[in-house]
Amino acid sequence: MAGWRRELLRTARRYPWPTNVLLYAALFSAGDALQQRLRGGPADWRQTRHVATVAVAFHANFNYVWLRLLERALPGRAPRAVLAKVLCDQAFGGPVYVSAFYFGMSILQEKDDIFLDLRQKFWNTYKSGLMFWPFVQLTNFSLVPVHWRTAYTGLCGFLWATFLCFSQQGGDGTLKSAFTFLCIKGTNEVERPPEK
């Protein structure tokens, strides 16, 4: 058990970019799989491949470069530097992430209007992200070593991807729509008589 962990740490230090990108993409894709499971329908592996493609082709790579750039521009873990990095991430990185997801998924799904989801859901999703990501990045910039930051973001992104994929598949980008769906689904499962 400790052998695989030691090997992962060694690989991450030796090849930080591919290790972080692959971990991020795997976790992001798992978020989509969880979202599908929560919906209760059959697994849509094509959808998960699309999410993985967007994660590998853009999100994970952008995240890796972006976090390194922030660290170079605002080095250190002093409170002032950490807060500046969080503000920069939310003001510039957040809109890029959300836009790239909706735009990329629309292209891969061959939608007629590839900007429709972006226009309809961007602001709600971005505002929802402001309730989650500043806390994640505060921890990331103050506690996580630089070579693990993208993987940590991917770990937290697992929850975010679950929400983001739900929003893209039928939500409106608000946390309220996700919670309403989960509450209604939970209520329906409680009311359903047990199968014999």
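Below, each value reflects all heavy atoms present in this structure, side chains not excepted, and no hydrogens, waters or symmetry copies.
Heavy-atom minimum distance, Cys165 versus Val51: SG-CG2, 3.7 Å. The two residues Pro95 and Ala91 have their closest heavy-atom pair at CG-O, 3.5 Å. The minimum heavy-atom distance linking Tyr24 with Ala60 is given by the pair CD2-CB, 3.5 Å. In plain terms, the two heavy atoms of Asp89 and Leu70 that are nearest each other are CB-CD1, 4.2 Å. Between Gly76 and Val82, the shortest heavy-atom contact is O-CG2, 4.4 Å. Taking each heavy atom of Val54 and Ala100 in turn, the nearest pair found is CG1-O, 4.3 Å.
Side-chain contact check for Trp17 and Asn61: at least one donor-acceptor pair (N or O, by modelled atom type) lies under 3.5 Å. Residues Gln168 and Gln109 have side chains that bring a donor and an acceptor to within less than 3.5 angstrom of each other.
Looking only at side-chain heavy atoms (C-beta outward), Leu143 and Leu138 stay at 4.5 Å or farther from each other. Counting heavy atoms from C-beta on, the side chains of Leu67 and Gln137 come closer than 4.5 Å. Side-chain contact between Phe115 and Ser106 is absent, with no heavy atoms from C-beta onward closer than 4.5 Å. Side-chain atoms of Leu164 and Thr125, non-hydrogen and from C-beta on, do get closer than 4.5 Å to each other. No side-chain heavy atom of Tyr126 sits less than 4.5 Å from a side-chain heavy atom of Ser99. Using a 4.5 Å heavy-atom cutoff, the side chains of Lys85 and Glu71 are in contact. In this structure the side chain of Thr48 reaches within 4.5 angstrom of the side chain of Gln36, judged on heavy atoms. Using a 4.5 Å heavy-atom cutoff, the side chains of Phe58 and Phe103 are not in contact.
Rounded to the nearest 0.5 Å, atoms CG (Leu27) and CG (Leu22) are 11.0 Å apart. Considering NE2 of His59 and OG1 of Thr150, their distance stands at 13.0 Å, rounded to 0.5 Å. The distance from atom CH2 of Trp148 to atom CG of Asn140, rounded to the nearest 0.5 Å, is 12.5 Å.
In terms of hydrophobic clustering, with Ile, Leu, Val, Met, Phe, Trp and Tyr side chains grouped at heavy-atom distances under 4.5 Å, Val96 and Leu87 are assigned to different clusters. Following chains of ILVMFWY side-chain contacts shorter than 4.5 Å, one can reach Val136 starting from Leu23, so the two form part of one hydrophobic cluster. Leu108 and Phe101 fall within a single hydrophobic cluster, where Ile, Leu, Val, Met, Phe, Trp and Tyr side chains are chained together by heavy-atom contacts under 4.5 Å.
Below 30°, between 30° and 60°, or above 60°: for Phe163 and Trp160 the angle between ring planes is between 30° and 60°, a tilted geometry.
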task: Run the numbers on Asn124 and Thr174 for side-chain hydrogen bond (donor to acceptor under 3.5 Å, both in side chains), then give the verdict.
output: CA-CA 5 Å; Asn124 286 339; Thr174 63; 5.6 Å; no
- prompt: side-chain contact (heavy atoms from CB on, under 4.5 Å) between Tyr97 and Asn63: does it pass, once the steps are laid out?
  reply: CA-CA 9 Å; Tyr97 289 122; Asn63 189 290; 2.9 Å; yes
message: Assess the residue pair Gln47 and Met105 against the criterion (side-chain contact (heavy atoms from CB on, under 4.5 Å)); give the C-alpha distance rounded to whole Å, side-chain angles, the decisive distance to 0.1 Å, and a yes or no.
response: CA-CA 9 Å; Gln47 164 73 14; Met105 289 299 291; 3.4 Å; yes
message: Run Trp133 and Val86 through side-chain contact (heavy atoms from CB on, under 4.5 Å) and show every step you take.
response: CA-CA 9 Å; Trp133 284 111; Val86 169; over 6 Å; no
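Residues forming a side chain to side chain contact (heavy atoms under 4.5 Å, CB included) with Pro18 (at least two apart in sequence, or on another chain): Tyr15. Residues satisfying the side chain to side chain contact (heavy atoms under 4.5 Å, CB included) criterion with Leu69, sequence neighbours excluded, are Trp66.
Pairs passing the ring pair (Phe, Tyr, Trp, His ring centres under 6.0 Å) check and including a residue from residues 73-94, sequence neighbours excluded, do not occur.
More than 12 heavy atoms of other residues, nucleotides or ligands shown are found within 6.0 angstrom of CZ on Arg119.
We find that Glu7 and Arg10 are joined by a salt bridge, their nearest charged nitrogen and carboxylate oxygen being less than 4.0 Å apart.
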